[in-house]
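Starting from 1, each residue takes its place in the sequence as its number. We use all heavy atoms of the structure for the numbers below, so side chains are in, but hydrogens, waters and symmetry mates are not.
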Amino acid sequence: MKILVLSNLYPPDFIGGYELCCRQIVDGLLGRGHNVRVLTAPPRVPCVSPGHVSRQLELVNCFDRHGLIHARPIPRELLYARAAFANAHNVHLLSEALADFQPDVVYLWHLYGLGGLGLLAALQYMGVPWLWCLEDSVPRKLCSLEHGEPPELTAAFSRFARGSYMAVSQRVVDEVEAAGIELRDEVEIMPNWILGERPPDRATFYQPGEHLRIVSSGYIGRHKGTHLLVEAAALLRDRGHQNFSIDLIGKLGEPAIHTLAQQLGVEPWVKFLGAWSQADLPRHYEQTRYDVFAFPTWEREPFGCAPMEAGAYGAAMVMTQSCGVGEWFVDGVHCLKTARTAAAFADTFEKILTGQIDLEPIARRGTDVIWRDFRIDALLPRIERALERAASRPCSPAGPSDEAYRLALLAEKLVAVLIQEW
């Protein structure tokens with residue numbers, strides 16, 4: 001099958017898990033014999049691209065939060081609009097790629113920053129079938145201005161966006177539809193995955209009285225709940241517990257969290273280990289043998305692979321009770337779920353320390369189900385079938401590509417005028 005992949009960025013340059021997962025799936029599809037090309041934006045750091053990756057699209061710098069906060073209102077709204085609504089340059093490049101490659105299906109990933117609505121509209125206009133991997137509520141983002149989603153825009157999206165979707169959790173679908181966007185036609189829920197080969201089963205697990213080793217990895221910020229782990233450490237210390245440690249692995253996005261650890265005096269228990277590459281983490285998990293992976297992320301977390309990556313090496317997953325990844329695991333069977341407060345996480349850790357919770361059966365069941373159901377090799381056949389179904393869907397009559405480009409130019413100018421008049 002010939003598959004054209006669209007993504008705002010592509011590793012080694014990435015913003016988060018969305019782009020990393022895109023590369024993993026592309027590598028998997030290539031390994032299974034498919035003809036795959038990737039159309040993406042230039043990297044923000046120099047890199048060498050393989051032959052199947054074309055980095056020509058224009059990426060609007062909509063991820064610079066500091067710059068956006070200090071921008072004046074109209075330039076900021078114009079930037080948001082170009083990131084979400086219409087970018088005629090990118091529509092032109094997409095049309096050229098379609099004419100040159102003639103794919104069976106277009107596989108959409110993170111489109112924010114590329115004028116994603118315009119790209120989707122161009123595919124619809126030219127009658128090209130597509131499958132959209134939703135690792136976040138990107139349709140909602142593409143239909144948003146700074147102060148919300150105009151109902152006329154969400155209604156228009158619901159009418160014209162006729163394709164196939166593959167979402168990583170029901171939470172993502174619910175968040176999109178809560179904005180008034182209907183994901184019509186086919187919507188399949190499919191989880192994220194882990195890579196690698198299963199290591200030998202862990203021989204020993206935490207026993208009361210031992211040192212409890214807790215780890216958390218990912219962006220260190222309040223939306224990921226890192227501050228809650230720092231506060232939980234202070235609560236455990238105040239309750240008289242000394243035999244635990246919390247390792248925080250990831251980019252320190254909010255230095256105030258490190259300051260909080262200093263202010264609470266928990267530095268003997270909480271260590272900031274810095275950012276690690278995704279490739280290095282499995283080896284670290286296998287060598288260190290953590291007892292618990294803590295995931296106090298915000299409740300709108302679409303999925304989050306980090307708990308599974310550690311759970312695959314025997315760490316018991318402790319997570320916010322309603323985050324996306326939690327949909328796939330049963331509380332008390334494969335993982336432990338708790339309220340998103342420092343006290344709730346401290347309570348769970350304390351029950352482990354005192355033996356009220358036996359980690360071994362939970363960790364073993366979690367590891368077994370991860371390697372059985374969440375390996376990328378187990379999920380790739382489902383993705384192939386979804387791409388085949390999308391490719392075979394009847395499409396609207398194809399309009400000419402040069403007319404799609406003219407419409408994109410018109411949309412780009414019209415959006416700019418409307419924003420300035422508003």
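Applying the side-chain contact (heavy atoms from CB on, under 4.5 Å) test between W193 and each of I370, I25, D373, L380 identifies I25 as the sole match. Applying the side chain to side chain donor-acceptor pair (under 3.5 Å) test between E301 and each of H223, R171, K224 identifies K224 as the sole match.
Relative ring orientation between W132 and F157 is described as tilted, the plane-to-plane angle lying within the 30° to 60° band.
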Check the pair D377 / R32 against salt bridge (Lys or Arg N to Asp or Glu O under 4.0 Å), numbers first and verdict last.
CA-CA 10 Å; D377 292 341; R32 294 173 72 88; over 6 Å; no
Could you go through the ring pair (Phe, Tyr, Trp, His ring centres under 6.0 Å) check for F303 and Y18 one step at a time?
CA-CA 10 Å; F303 192 88; Y18 215 147; over 10 Å; no
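At a threshold of 4.0 Å, the pair R159-E182 does not count as salt-bridged, since none of the basic side-chain nitrogens sits closer than that to a carboxylate oxygen. The existence of a salt bridge linking R213 and D291 is confirmed by a sub-4.0 Å separation between a basic side-chain nitrogen and an acidic carboxylate oxygen. Residues R82 and E412 are paired through a salt bridge, judged by an N-O separation under 4.0 Å between the basic side chain and the carboxylate. The existence of a salt bridge linking R44 and D13 is confirmed by a sub-4.0 Å separation between a basic side-chain nitrogen and an acidic carboxylate oxygen. Taking a cutoff of 4.0 Å between a charged side-chain nitrogen and a carboxylate oxygen, D136 and R300 qualify as a salt bridge. E388 and R393 are not joined by a salt bridge, as no carboxylate oxygen comes within less than 4.0 angstrom of a charged side-chain nitrogen. Taking the charged nitrogens against the carboxylate oxygens, R406 and E403 do have a contact shorter than 4.0 Å, which makes a salt bridge. Using a cut-off of 4.0 Å between Lys/Arg side-chain N and Asp/Glu carboxylate O, R340 and E299 are scored as not salt-bridged. For the pair E254 and R222, the salt-bridge criterion is not met [side-chain N within less than 4.0 Å of a carboxylate O].
Less than 6.0 angstrom separates the ring centroid of Y165 from the ring centroid of W130. For H284 and Y290, the ring centers are positioned less than 6.0 Å apart.
In this structure, CG on L142 lies 9.0 Å from CG on L153, to the nearest 0.5 angstrom.
Scanning for salt bridge (charged side-chain N to carboxylate O under 4.0 Å, His left out) contacts around E177 gives an empty result, with sequence neighbours left out. A search for side-chain contact (heavy atoms from CB on, under 4.5 Å) contacts involving F205 returns R202, E360, A363, R364, not counting sequence neighbours.
In this structure, K141 is positioned above the aromatic face of Y112, its NZ or CZ under 6.0 Å from the six-membered ring centre and within 45° of the axis.
The closest donor-acceptor contact from the side chain of N90 to the backbone of E58 lies under 3.5 Å. Under the 3.5 Å distance criterion, the side-chain polar atoms of T341 are matched with a main-chain donor or acceptor of A344.
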